[in-house]
Amino acid sequence: MSKYLNFIAEKNQLRYLTITVFFLIFSFFWIYPLLWVLSASLKTDFEIWGGLGLIPDKLIWENFERAWFGANMGRYFFNTLIITVVSVVIVVITTGMFGYVIGRYAFPGKKILIGILIATIFIPQGYTIIPVFDLLTDLKVSKNLIGLTIATAGHTPVIYILLFAGYFSRIPVELEEAAKMDGAGFIRTFIMIMLPLTKPVVATVSILQVLHAWNDFLLPVVITLGNPDIRTLSVGVYAFKGEYFVDWSGMAAASVITILPIIVLFLFMQKYFVEGVQGAVKG
Amino acid sequence: MNKKSLSQQIYEARWCYLFVLPCSILTGMFVLYPIGMSWYFSLLDWSGFTKDAKFIGLQNYAEAINDPFFWNAFSRSFIFMFGTVPVKIILGFIIAVFLNNQVLKLSPFFRTIIFMPVVTAIAIIGIVMTFIFSPFNGPANKFLMATNLTSGPIDFLGNPDTVLPTVMGVYVWKWLGITMMYWLAALQTVPQDVYDAAKIDGAQGYRLWIHIILPIVLPFAIVIILVEAVSALNVFPLIETMTAGGPFFSSEVMEVYIFRTAFVTDAGTMPRLGYACAAGVFWGVAVLFITALQGFWMRRTRRI
């Protein structure tokens, strides 16, 4: 399936070796900041600023204890987890349903709907955040996780819908007709027959939404301004920086708590991350 | 074929409408409604936290247009875009060309490493980078001094001259993995026989690239530039956590300006939601104008 231009010939050992070594060195420098924060989270403050070395003299696990309990990262971790999981469920169901009918059916008003969707791609977040904050206040959900969760799910990138629509449109019609013959209604056909066929898209959309919800900053920082209890991890580390400015190792530990789960997820599900990202230019 | 009446068509598609409803409600609430409201808020003299909003027409817009901080932030956003997008496009392309080699055994490993900053939380990147670029024994300065590239520490984020290039560099580092993946997707569309035929014909080296491969990946290049340009205008989290727009507003891009006027009160001033909305609307229209231009350009190129 894949196409390659192999201008690095296996026979040309020197060229092959040069390129490999170059990329090895490049990769080390590239990843150094992330390795640095990981090592800093296990060092003493004194050691952090002592040298460029990455191996701590002694592993100081207390840094994590201080961040998790003292700086409340434990609570923020679960806030972020709840927001992420619930928003993934909402997003997969709503964009899946939307993509299904857009991809398979013709109905009056469909073109207008698609037109509105495409238009929303070009609106920068910077100027819609204020009314979102206001809307959640009016709905009386700005002080709990419900508001933050639905707002996170509401900022759905159009790409999810397009991914679903594209996939659904390629499923053969015969399947649907067979279901109809068996007496399955619209909803049953969707849930029992169509949705199980789109597992790769569900996986891709879920991964992209996890990435978006877990790492989001503007929305949670605005919503949680007057409400520290519902902070997410990103906002928590940001506030940590303001409040305990001298606790470097604690802050590094808080940072690791925030980024490690996603990095691990990425390493295991790389294929879906890549497919999701590339969907933006392939479509 | 006799055509059904509109009401009949709508009735037959009732399930379709039911299915688009949940997503439409969410998009309506959190995307469309906020756009409409921000236009209305922009006409008010309003702190956002009290009930005493006063209708003042276009005064907020007039004030924004006359505020030098507004125009500085406005142009800085575009400096940021023009400074980062070409670097990402070119660097991403070069890396993708190398890592698209099947023979390079470690290629998947390199891709993983280069992509890794993309998945890390942007706010954390911003905060960690304030450590990395610290003038007091920060690793970046330590490295530069250990290799004798500089004699004394550079205050990367504290000096108005170096702060913006530093943030731009971090931005490129953070998101280059995405550009690389875009380019890899583009290179994968070049048919294998094109590569093979080119080799047999002896079209080696640069000629192969200019005459055969570049024309194939050009339509992708335009989409990539469009996507990259819009995302380079949305850099709030990185700048807010790295510099908060400082020092002396020298890294304040448009989104940070809007955020500051809307929410930040530490200068003793009241937050001004109405004014911030006006700045935001102005900004949104400017961005829309640019994307529309690009869209037009894209269509023209595709026709050729």
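Nothing here was measured: the structure is a model prediction, and the numbers come from that model.
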- Note on the structure: residues 220-230 of chain B vs side-chain hydrogen bond (donor to acceptor under 3.5 Å, both in side chains), sequence neighbours excluded, gives B/Lys88-B/Glu228, B/Thr179-B/Glu228

Nearest-0.5 Å distance that lies between atom [atom1] in [X] and atom [atom2] in [Y]:
X        : Y        : atom1 : atom2 : value
A/Ile102 : B/Cys16  : CD1   : SG    : 9.0 Å
A/Ile263 : B/Thr112 : CD1   : OG1   : 12.0 Å
A/Leu113 : B/Cys23  : CG    : SG    : 9.0 Å
A/Thr20  : B/Phe109 : OG1   : CZ    : 11.5 Å
A/Asp138 : B/Met37  : CG    : CE    : 8.0 Å
B/Thr27  : A/Leu117 : OG1   : CG    : 6.5 Å

- Note on the structure: Greatest number of non-hydrogen atom pairs under 4.5 angstrom with chain A, of B/Phe110, B/Tyr17, B/Tyr40, falls to B/Phe110

- Ranked by heavy-atom pairs below 4.5 Å to chain A, first place among B/Ala146, B/Ala262, B/Ala13, B/Pro117 goes to B/Pro117

Decide if the gap between the ring center of [X] and the ring center of [Y] is smaller than 6.0 angstrom.
X        : Y        : value
B/Phe115 : A/Phe266 : yes
B/Phe136 : A/Trp49  : no
A/Phe29  : B/Phe143 : yes
B/Phe19  : A/Phe98  : no

Sub-4.5 Å side-chain heavy-atom contact between [X] and [Y]:
X        : Y        : value
B/Val128 : A/Met251 : no
A/Phe26  : B/Ile114 : yes
A/Leu139 : B/Met29  : yes
B/Phe259 : A/Val222 : yes
B/Met116 : A/Trp30  : no
B/Trp15  : A/Ile187 : yes
A/Pro131 : B/Phe30  : no
A/Tyr238 : B/Glu240 : yes

- Message: With a 4.5 angstrom heavy-atom cut-off, is it the side chain or the backbone of B/Thr130 that approaches chain A, or both, or neither?
- Response: side chain

- Task: Against chain A, label B/Met129 side chain, backbone, both or neither, depending on which of its atoms sit under 4.5 Å from a heavy atom there.
- Result: side chain

Region of [X] that comes under 4.5 Å of a non-hydrogen atom in chain B:
X        : answer
A/Ile48  : neither
A/Phe217 : side chain
A/Val91  : neither
A/Phe190 : side chain
A/Ile116 : side chain
A/Val235 : neither
A/Leu136 : side chain
A/Ile93  : neither

- Note on the structure: side chain to side chain contact (heavy atoms under 4.5 Å, CB included) with B/Val119: of A/Ile207, A/Leu265, A/Leu211, only one passes, and it is A/Leu211

- Note on the structure: The side chain to side chain contact (heavy atoms under 4.5 Å, CB included) partner of A/Phe23 among B/Ile113, B/Leu99, B/Leu106 is B/Leu99

For the residue pair [X] and [Y], what are the closest heavy atoms and their distance?
X        : Y        : value
A/Thr258 : B/Ala121 : CG2-CB, 4.2 Å
A/Leu135 : B/Tyr33  : CD1-CE2, 3.7 Å
B/Ile124 : A/Ser234 : CD1-CA, 4.4 Å
A/Gly154 : B/Val31  : O-CG2, 3.9 Å
A/Leu34  : B/Ile125 : CD2-CD1, 4.3 Å
A/Ile150 : B/Leu26  : O-CD2, 4.2 Å

- Item | CA sep, side-chain torsions, deciding dist, call: A/Tyr16, B/Lys105, side chain to side chain contact (heavy atoms under 4.5 Å, CB included) | CA-CA 10 Å; A/Tyr16 181 85; B/Lys105 291 284 173 330; 3.2 Å; yes

- Task: Give the member of A/Leu24, A/Ile161, A/Leu260 that has the highest number of heavy-atom pairs under 4.5 Å with chain B.
- Result: A/Leu24

- Could you tell me which residues satisfy side chain to side chain contact (heavy atoms under 4.5 Å, CB included) with A/Val274, sequence neighbours excluded, listed by chain and number? A/Gln278, B/Met181

